Amino acid sequence: MSTNTSNIVFDDIFTINAIDKEGKKFDRVSRLYAHSKNYDMDFTLDYNVELYPLQKDESFALALASSLARGPNTSGEEDEKDRDVWRPDGKGRRGLEDDYEYVMYGKVYRFDGGSQEIVTVYASFGGLLMSLTGSFRHLTSIVLGDPIYLLLRK
């Protein structure tokens, strides 16, 4: 589902199977478990329940992006104007975050190859963790060590 006309490296629709199935460990953080409709992927995410409440059996769109800029960065270097895509004072250029309700910034810190076909990507968003497991074909644009944006909308 990802396109070459943006910085989105993965996107799909997920349905939540469970929330906090091992028990709730923190007041404002829950862990959701979801499965995708299109690519047969399994997804686990720690998220702030006060900022973005979610329920079991609810569906959401997930996108992972290398930048919030709307167009791809073809030069390989960070453009001066791309640094101001999102600013809390609202003065920066508007980017992908306008299309989503919940956005986190983090880093891809690990890849695990289960079988030859199935891999798991792990990312950390300031201690809130994510794992995405499925066919390596759908995860080829995600690079170990690169920063990543996670974007959600219902």
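Heads up: numbering here begins at 1 and tracks the sequence. Everything numeric here is computed off the predicted structure, so don't read it as measured data.
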Report task. Supply the atom-to-atom distance D27 CG to N48 CG, rounded to the nearest 0.5 angstrom. Result -> 11.0 Å
**Report entry** Partner set under ring-ring contact (aromatic ring centres under 6.0 Å, His included) for Y33, not counting sequence neighbours
**Finding:** none
**Report entry** L128 vs V29 side-chain heavy atoms within contact, under 4.5 Å
**Finding:** yes
Requested in this report: May I have all residue pairs that pass salt bridge (Lys or Arg N to Asp or Glu O under 4.0 Å) and include part of residues 121-132, sequence neighbours excluded?
Outcome: none
**Report entry** With sequence neighbours excluded, residues passing side chain to side chain donor-acceptor pair (under 3.5 Å) with S66
**Finding:** none
Report summary line: CG of D20 to NZ of K56, rounded to nearest 0.5 Å, is 13.0 Å
**Report entry** Atom pair OG1/CD1 of T133 and I118 - distance to nearest 0.5 Å
**Finding:** 8.5 Å
Report summary line: The complete set of ring-ring contact (aromatic ring centres under 6.0 Å, His included) pairs with one or both residues in residues 125-144, sequence neighbours excluded, reads Y39-H138
**Report entry** Any side-chain heavy-atom pair of L139 and M41 under 4.5 Å
**Finding:** yes
Query - V121 side chain near D112 side chain, heavy-atom distance below 4.5 Å - result: no
Query raised in the report: Does any N or O in the side chain of D46 come within less than 3.5 Å of the main-chain N or O of R31, such that one atom is a donor and the other an acceptor?
Result: no
**Report entry** Intermediate values then yes/no, side-chain contact (heavy atoms from CB on, under 4.5 Å), F111 and I142
**Finding:** CA-CA 10 Å; F111 267 93; I142 300 172; 4.0 Å; yes
**Report entry** Atom of A65, atom of L96 and distance for their closest heavy-atom approach
**Finding:** CB-CD1, 4.0 Å
Report summary line: K24 meets the side chain to side chain donor-acceptor pair (under 3.5 Å) criterion, sequence neighbours left out, with S30
Query - More than 12 heavy atoms from other groups under 6.0 Å of CD on E22 - result: yes
**Report entry** Partners passing ring-ring contact (aromatic ring centres under 6.0 Å, His included) against Y102 (at least two apart in sequence or in another chain)
**Finding:** Y52
Report summary line: CG (D57) and CD1 (I16) are apart, to the nearest 0.5 Å, by 8.5 Å
Requested in this report: Could you state whether F26 and M130 fall into the same hydrophobic cluster, counting links through intermediate Ile, Leu, Val, Met, Phe, Trp or Tyr residues with side-chain heavy atoms under 4.5 angstrom apart?
Outcome: yes
Query - Shortest non-hydrogen contact from A34 toward F14 - result: CB-CB, 3.9 Å
Query raised in the report: Given side chains that start at C-beta, do those of F60 and I13 come closer than 4.5 Å, heavy atoms only?
Result: no
Report task. Keeping to residues at least two apart or across chains, list the salt bridge (Lys or Arg N to Asp or Glu O under 4.0 Å) pairs with something in residues 136-154. Result -> E58-K154, E117-R137
Requested in this report: Output yes when a side-chain donor or acceptor of E97 lies under 3.5 Å from a complementary backbone atom of G95, and no otherwise.
Outcome: yes
Report summary line: Applying side chain to side chain donor-acceptor pair (under 3.5 Å) to T15 and not counting sequence neighbours gives S59
Query - Chi angles and distances behind the side-chain contact (heavy atoms from CB on, under 4.5 Å) call for V143, I148 - result: CA-CA 9 Å; V143 179; I148 196 155; over 6 Å; no
**Report entry** Close side-chain approach of L64 to I8, heavy-atom, < 4.5 Å
**Finding:** no
Query raised in the report: Under a 4.5 Å cut-off applied to non-hydrogen side-chain atoms, are F10 and L132 in contact?
Result: yes
Requested in this report: To the nearest 0.5 angstrom, please state how far the CG atom of L45 sits from the CG atom of L150.
Outcome: 5.5 Å
Report task. Check whether any side-chain heavy atom of Y105 lies under 4.5 Å from a side-chain heavy atom of P147, and answer yes or no. Result -> yes
**Report entry** Any H35 side-chain heavy atom under 4.5 Å of D40 side chain
**Finding:** yes
Query raised in the report: Taking only residues two or more places apart in sequence or in another chain, which ones pass side chain to side chain donor-acceptor pair (under 3.5 Å) with D99?
Result: R70
Query raised in the report: With clusters built from Ile, Leu, Val, Met, Phe, Trp and Tyr whose side-chain heavy atoms come within less than 4.5 Å, directly or transitively, what are the remaining members of the cluster of Y122, listed by chain and number?
Result: Y109, L129
Query raised in the report: Can you name the residues that form a salt bridge (charged side-chain N to carboxylate O under 4.0 Å, His left out) with D42, not counting sequence neighbours?
Result: none
Query raised in the report: Distance from D12 atom CG to L62 atom CG, nearest 0.5 Å?
Result: 8.0 Å
Report summary line: Those residues at least two apart in sequence (or on a different chain) that pass salt bridge (charged side-chain N to carboxylate O under 4.0 Å, His left out) with K37 are none
